[in-house]
Structures are given as C-alpha cells and as structure tokens.
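Have a look at the structure below before the remarks.
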2 protein chains.
Amino acid sequence: MPTLSQENYLKALWHLAADGKVTLQRLASHLGVSPASALAMVRKLSANKLVTYRRTTGIRLTAKGRLTALQIVRRHRLWEVFLHDKLGYQWDEVHSIAEQLEHVAPADLTERLDAFLGYPRFDPHGDPIPQHDGTLPGRSDLVLSEQPPAMYRIVGLVQTHDALLRQLHSLNLTIGQVVELRHHRSFDDVFVLRVGQNTEHIGRAVAERIIVEPA
Amino acid sequence: MPTLSQENYLKALWHLAADGKVTLQRLASHLGVSPASALAMVRKLSANKLVTYRRTTGIRLTAKGRLTALQIVRRHRLWEVFLHDKLGYQWDEVHSIAEQLEHVAPADLTERLDAFLGYPRFDPHGDPIPQHDGTLPGRSDLVLSEQPPAMYRIVGLVQTHDALLRQLHSLNLTIGQVVELRHHRSFDDVFVLRVGQNTEHIGRAVAERIIVEPA
DNA sequence: TTCATATTTTAGTCACGACTAAAAAATAAT
DNA sequence: ATTATTTTTTAGTCGTGACTAAAATATGAA
C-alpha cells in the first residue's frame, strides 16, 4: 500500500504520462516540489515496482503502478460526483475537496460509493471515471435506447438515482449483465429486454441511462 | 489548524476527559503510543493553547481545544451516519472508515453533509452528534408527535431521508423554525402546525422525526 | 520514614518527505 | 570541438511524529 504522498506522485505521473515523456523536472514542477525530492520519491516508487525510471525513457508507470493510479483517479472522480450531485457543490469547487477524500480507501468503500451514486461514468468536469477493472469509459459508448435489436452487455448506468437503481437491480439489469434488446411492436419508447429467462419491459427514460457494448 | 496527528490527540483527550483525570499514561495507551511521544505532542498542543498540562491536574482541554475536538467528533459521527444510512455499512463497520474521513474538513463540507443526511442527532451507535455550536443533543429532547399543543422550536430532524427532507423544507419545517402545535380534532395521527402565516398538516410518521424544545 | 513501585521527563535516534547548494552528466549553441 | 546551459544527482539539513533507554520525580507500602 503506497503512502499518501506516494499516491499523489502516482496520480501526477498518470496525468503527466498523457502528454509525453515524464522528466523529473516536469514531475517536480507539477507537484510543486524540488527535483531532488521528486527523485527520492521516484526511487521509492521504483523499489515498490510501481514505476521504472531511466534517464532515457523518463519515469514510466508499471502495470501495477498504472492500476494503482487509476484507482486513485477513480476515487477522486467518484467523490467529485458525490460532492456535486449530493452535496450541491459547484463543479469548480469539488476538485480540492476530492483531493483529500481520494486517499480514503478501505476495502469496498469505493464500490459502495459507486453504487450509491448510480455508477456514474463521468465526473462533474466531464472526465471519465476509471472503472473497477481499470478501463476508462469512452464518450463513444452506446446508449441502449439508441441501439438496434441485438445482444448487449451492460457496461454502465448513468446518473441513476436510488429508486431507479433499485428498480434496475430488481430486474437484474446490473453492470456486466448480457441482455437481448428488442423493440416493442407498437410503442417506440418501450424497450423489450430478455434477461436470462425473463422478458422485461422498460421505458425510454430508463433505457437512456443504460450504457452497453455489443456482446 | 491542528495537524492530523494533533486532531487525533484532541479527540482522544475529549473521550478520555469523560472519566476523570487524563494522565500521560492513559493518553499514551489509548493512542497506542509511548508516554514520551504523548508528552511531546501535549507540549505542542499546549503551545497552541489547545490544552493545559500540569502534573497535578493532568491534561485538560482548553475551551478552544474542546471546541476543536467537538468538531472532529462531529465530523466523525456524521460520516458514520453517511456510511451507515447511505452506503449500507453495518453499525460496527463504520468507525474505522469514519476515522479516516473525519480529518477532511474544508469550509462548509461538514454543514452540507449534515444537511444532506437530514440533520441526524445520533450516530449509528446511538452516540450524540455534536452540533455546529458545540452542544450535544440529549436523549431527553422532545419528539414533536408526543407533545401537547404549544409553541415549539425545531431543534433536529431525525433519520430524515431525501424525499422527506425536501417535503419538510417546502413546508418551512427546518431547524430553528418555531411552530405552534395543535392536534387534529378527529384524527389522532394528524398533527396541525402553524408555521408563520400558514397552517400545515403532517402525519405521525413525519411528526415522529421532528425534535423540538419548548419555545 | 524509607524503600519499592509507578509515572513523568530527558536525551538521543529513526523514518519520512521535504529542502538547499553544489557536483556531475547530458544537451544545445557557437 | 569546446563552451554554455539545462537536467540530474549527490550530500547534507530540517520538521514532524514516532521510538528506546535511562534519569528524575511522585506515590504507596512496610
């Protein structure tokens, strides 16, 4: 388990890796820290197999390091959603508070929070929330209500509130579930789903909140 | 602003003060720390005017220290309510997680959380949640549904969920509001309230969640 | 009171994560 | 190619909050 400081470094490294080689300088100035301090920490992270560092390649996250970083970003963005959606903060106020909360990480807290928030896929800034498995939702993901009849896997539930979430749960419409989509013969805002043995009918408002990929 | 460690000491001191003189030994063993470490920290707290320490009296919180400690306990217990009521943790699981969250304290986060949770007065263990002004709710507080007709001030809303909270808010039934209670002439689980110019009717289930004091 | 025990206090260390200043190495410019 | 500049690295410090071991002070029992 990385320390609090190590987590901040990993998160910074993940962000910086998006545009190019990560030098000590970049890392240090991003964190407002001296290059000497950055080097010391990079060595610790390296000893923990979270990063590799060679002068030529710069600092690179290992698979393990990237996974860890993604979980921190995930927690950060989920807390941002909480602060915005539940506590009514403005989108520009949530970042600094989430920065504190993101380091709280007992066992299943993140997953419970995710469920409580209705499996949001984007934070209040519109940035994608890394999923449990380390994948990032793309803006190109498919909304169930817009798909032709076929087999789909549910990969996300958007802006779901408690009541709807319970409803979906009772219909077995949960993340990971594979469903067969058909359209209703008469009503174009009723969607017919085969879920395992059962056939369920849901409305457009609900179908718009279910994100799928072809299965 | 006390450091994270200082906050833990203050909280421990507040808890320990409940039963008698607080010696270095008690403090140290409560925190799992050596007496020498405890002394060092007590000196820092003393320099910050948060505690006084004389061999004879033991360690005592100053008014400032007590206020600070109460705010930490407040945050702790509010987070416990969140974890229990919103994330579905069992009452015995919340303590250790809240221990992490209690140190996150930007400006109005605590107050927003309090409002979001419906101004709970007791945590999942049944312990009172210190109020913003540092007072502790007593178990002797009055439940509106059990009171005779008279004027009352609303001092708490118990175990309120979102929907109910919105309802109460729309009726102006918020903390601090003064209302005149009357009983319905025919139905004994309907309560009639004069709130300012308006007369409102609420059911027993709602009235049971409104805590009052005579006004 | 005097000795034994418990508590408090000092003194010196350690790990962590930061710092500065200067040395070493790599890169760029003339 | 040699110099100048930037980047990396070393070396030594500092503050925080912990530690141990031993000294000083209280407290309790005979």
Side-chain angles (χ1 to χ4, degrees), chain A residues 1-17 19-61 65 68-69 72 99-100 102-105, chain B residues 1-17 19-61 65 68-69 72 99-100 102-105:
Chain A
M1 354 266 108
T3 65
L4 189 147
S5 251
Q6 284 173 352
E7 289 197 355
N8 281 329
Y9 274 88
L10 288 173
K11 186 163 62 102
L13 288 167
W14 183 79
H15 282 297
L16 291 171
D19 24 25
K21 178 178 165 186
V22 183
T23 64
L24 282 175
Q25 293 258 316
R26 280 185 75 204
L27 178 59
S29 85
H30 183 87
L31 289 170
V33 136
S34 75
S37 304
L39 174 62
M41 184 57 85
V42 163
R43 284 186 169 145
K44 269 173 218 165
L45 294 173
S46 181
N48 292 346
K49 307 275 187 226
L50 293 163
V51 307
T52 59
Y53 174 43
R54 266 168 295 148
R55 212 208 270 305
T56 52
T57 57
I59 306 150
R60 305 199 56 197
L61 290 166
T68 308
I72 298 160
E99 202 111 72
Q100 320 266 324
E102 73 191 9
H103 301 291
V104 177
Chain B
M1 354 264 105
T3 65
L4 190 145
S5 251
Q6 285 173 353
E7 288 196 355
N8 281 330
Y9 274 86
L10 288 173
K11 186 162 61 100
L13 287 167
W14 183 80
H15 282 297
L16 292 171
D19 22 25
K21 179 178 164 185
V22 183
T23 65
L24 282 176
Q25 293 259 313
R26 281 185 74 203
L27 178 59
S29 86
H30 182 87
L31 288 170
V33 136
S34 74
S37 305
L39 175 62
M41 183 58 84
V42 163
R43 285 184 168 150
K44 270 173 217 165
L45 294 173
S46 180
N48 292 345
K49 307 275 186 225
L50 293 163
V51 308
T52 60
Y53 174 44
R54 269 168 293 148
R55 215 210 264 306
T56 51
T57 56
I59 308 151
R60 306 197 57 197
L61 289 167
T68 309
I72 299 160
E99 203 111 71
Q100 321 265 325
E102 73 192 7
H103 301 291
V104 177

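Order of the sequence lines fixes the chain letters, A, B, ..., with proteins taken first and strands second; residue numbering starts at 1 for each chain.
Between A:Arg54 atom CZ and D:dT9 atom P the separation is 13 Å, expressed in whole Å. Rounding to whole angstrom units, CG of residue A:Leu24 and P of C:dA18 are separated by 14 Å. As rounded to whole Å, 11 Å separates atom P of D:dT7 from atom NZ of A:Lys21. One interatomic measurement links the two molecules: CD1 of B:Ile59 to C1' of C:dT9, which rounds to 13 Å at whole-angstrom precision. Here the P atom of nucleotide C:dA18 and the CD atom of A:Gln6 are 10 Å apart, to the nearest Å. A straight line from OH of B:Tyr53 to C1' of D:dT25 spans 11 Å, rounded to a whole angstrom. If you take CG of A:Asn8 and C1' of C:dG17, they are 12 Å apart, rounded to a whole angstrom. As rounded to whole Å, 8 Å separates atom C1' of C:dT8 from atom CD of B:Gln25.
Residues B:Lys21 and B:Arg26 come closest through the heavy atom pair O-NH1, 2.7 Å. Between A:Ala38 and A:Ala28 the shortest heavy-atom distance is CB-CB, 4.0 Å.
Residues A:Arg55 and A:Tyr9 both approach DNA chain C. Their nearest nucleotides, taken by heavy-atom distance, put A:Tyr9 toward the 5′ side.
Rotation axes derived from the C1' atoms of the five outermost pairs at either end of the helix from C:dT1-D:dA30 to C:dT30-D:dA1 lie 10° apart, to the nearest 10°.
A heavy-atom distance below 4.5 Å is found between the side chains of B:Thr68 and B:Pro2.
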* Asked: Where do A:Glu99 and A:Lys11 land on the side chain to side chain contact (heavy atoms under 4.5 Å, CB included) test, with the steps shown first?
  -> CA-CA 11 Å; A:Glu99 202 111 72; A:Lys11 186 163 62 102; 2.6 Å; yes
* Output, in order, the C-alpha distance, side-chain angles, deciding distance and verdict of side chain to side chain contact (heavy atoms under 4.5 Å, CB included) for A:Met41 and A:Leu27. => CA-CA 11 Å; A:Met41 184 57 85; A:Leu27 178 59; over 6 Å; no
* Would you please test B:Val51 and B:Tyr9 for side chain to side chain contact (heavy atoms under 4.5 Å, CB included) and show each step? => CA-CA 10 Å; B:Val51 308; B:Tyr9 274 86; over 6 Å; no
* **Check against side chain to side chain contact (heavy atoms under 4.5 Å, CB included), A:Leu45 and A:Leu13** => CA-CA 11 Å; A:Leu45 294 173; A:Leu13 288 167; 4.1 Å; yes
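Taking 4.0 angstrom as the limit, B:Lys44 places a side-chain polar atom (N or O) nearer than this to OP1 or OP2 of D:dG17. OP1 or OP2 of D:dA18 has at least one side-chain nitrogen or oxygen of B:Ser5 nearer than 4.0 Å.
Of all the residues in residues 32-43 of chain A, A:Gly32, A:Val33, A:Ser34, A:Ala36, A:Ser37, A:Met41 reach under 4.0 Å from DNA chain C with at least one non-hydrogen atom.
Of the possible donor and acceptor atoms, one in the side chain of B:Gln6 sits under 3.5 Å from a partner among the backbone N and O of B:Thr3.
Of the inter-residue distances, the one linking B:Leu50 atom CG with B:Arg60 atom CZ reads 15.0 Å to the nearest 0.5 angstrom.
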